[in-house]
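Small disclaimer: the values here were computed from a predicted structure and weren't measured. Quick note on labels: first sequence line is chain A, next is B, and so on, each numbered from 1.
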2 protein chains.
Amino acid sequence: MALTIGELSRQAQVKVPTIRYYEQIGLLSEPVRTEGQQRRYGPEDVRRLNFIRHARELGFEVDAIRQLLDLASAPDRACGEVHDITIAHLDEVKSKIARLTALRDELEAMVGCDHRRISECRIIEVLADHGQCRHAEH
Amino acid sequence: MALTIGELSRQAQVKVPTIRYYEQIGLLSEPVRTEGQQRRYGPEDVRRLNFIRHARELGFEVDAIRQLLDLASAPDRACGEVHDITIAHLDEVKSKIARLTALRDELEAMVGCDHRRISECRIIEVLADHGQCRHAEH
DNA sequence: TCTTGAACCTCTAGTCACTGGAGGATGTAG
DNA sequence: CTACATCCTCCAGTGACTAGAGGTTCAAGA
Ligand SMILES: [Zn+2]
Ligand SMILES: [Zn+2]
Ligand SMILES: [Zn+2]
Ligand SMILES: [Zn+2]
């Protein structure tokens, strides 16, 4: 019933070196080993790694995931802290979107240059002088 | 008239170790030195470093900046390559925005949980099971 | 039982763009 | 001439992996 690291890798869609890395940073606990020191995993490890992978896909940092995993193992507690972590992450995502949107507008204004020589190129001009930017800050 | 690295740092708004790092990776050329091996800079270095800082603020990677600087020093060439680099970067920015927007929607749906115990928390549930996500891919 | 070979092991280093610190030398103002 | 801010080099750390070298283990087929 025990899975090798390769089987765990396929089931949880996480690369083998990444699994070993997660163990090293304490996100996964040390699994049992065969006599020849090979790792063997059980169904609980599959669940935990799936959780980690999904949280990473949703952009949570490893540190936040560590906290979420700790909280998830205390089913009777209130979920306030889980929400705090998620809302903090959501705020981060929102401000990244805001910054990138401003950036996109700036870049779109720049590519409005109508293809002359570099000495007249609007892109080079703007890069050399932030005063020509729409937004005061980036 | 020559500037110390600290004065250059203040004028171009780039930290001292970062200037030395840019020199190390060949983004800035090696400046003249005093007898005691301290760096001294001129106005051209200020302009170049300002260009670099601004391009970094606009999200260009160091490699792209290297190419832009090379191109900027050939004023009579057509600016097509400058546009290619900028448009590639703009496309990157756009797809980052798209990914983050999808992420934001997903997270906002998750925080819709009305604060119960962790065993019933929607956030934990979704993290444990991607099948509960709005979008098939992240 | 033996052999093959895929998959496993550890350890190290590389990615990107910096940032910080230790420990010592230099330059300038009073 | 002395104080001391600033400079120098070198090394290590950040986040989250990823890749490679060089060697070992395991399971299946002959
Ligand atoms: Zn142009
Ligand atoms: Zn600008
Ligand atoms: Zn909840
Ligand atoms: Zn999902």
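At a threshold of 4.5 Å between non-hydrogen side-chain atoms, the residues B:Tyr41 and B:Val46 do not count as touching. A heavy-atom distance below 4.5 Å is found between the side chains of B:Thr86 and B:Val82.
For the side-chain contact (heavy atoms from CB on, under 4.5 Å) test, residues two or more places apart in sequence or in another chain that qualify with B:Ala64 are B:Phe60, B:Ile85. The ring pair (Phe, Tyr, Trp, His ring centres under 6.0 Å) test applied to A:His83 returns B:His115, not counting sequence neighbours. Under the ring pair (Phe, Tyr, Trp, His ring centres under 6.0 Å) criterion, A:His135 pairs with no residue at all, not counting sequence neighbours. Take A:Glu108 and apply the side-chain hydrogen bond (donor to acceptor under 3.5 Å, both in side chains) test, not counting sequence neighbours, and it matches B:Lys94. Residues passing the side-chain contact (heavy atoms from CB on, under 4.5 Å) test with A:Glu7 are A:Leu3, A:Thr4, A:Arg10, sequence neighbours excluded. Scanning for side-chain contact (heavy atoms from CB on, under 4.5 Å) contacts around B:Arg20 gives B:Ile5, B:Val16, B:Arg39, with sequence neighbours left out. For the side-chain contact (heavy atoms from CB on, under 4.5 Å) test, residues two or more places apart in sequence or in another chain that qualify with B:Arg134 are B:Glu106, B:Ala109, B:Arg122.
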Below 3.5 Å is the cut-off: list the nitrogen or oxygen pairs between protein and nucleotides 28-30 of chain C, distance only.
none

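Once you apply a 4.0 Å limit to the heavy atoms of chain B, the touched nucleotides of DNA chain D run 5' to 3' over D:dC7 to D:dT9.
In this model, a donor atom of one side chain and an acceptor atom of the other lie less than 3.5 Å apart for B:Arg53 and B:Asn50.
When base pairs are accepted only as Watson-Crick or G-U wobble with both N-N or N-O distances under 3.5 Å, DNA chain D takes part in stems of 3 or more pairs at C:1-30 with D:1-30.
Taking the six-membered ring where tryptophan is involved, the planes of A:His138 and B:His54 are tilted, since the angle between them lies from 30° to 60°.
Sorted by residue number, the members of residues 25-36 of chain A with any non-hydrogen atom under 4.0 Å from DNA chain C read A:Arg33. Residues of residues 59-66 of chain B having a heavy atom closer than 4.0 Å to DNA chain C, listed by number: B:Glu61, B:Val62.
Between B:Tyr22 and C:dC18, a side-chain N or O to OP1/OP2 separation shorter than 4.0 Å is present.
Ionic pairing of A:Asp45 and A:Arg47 is not present here: no N-O contact between side-chain nitrogen and carboxylate oxygen is shorter than 4.0 angstrom.
The residue B:Arg20 sits close to a base: some heavy atom pair falls under 4.0 Å.
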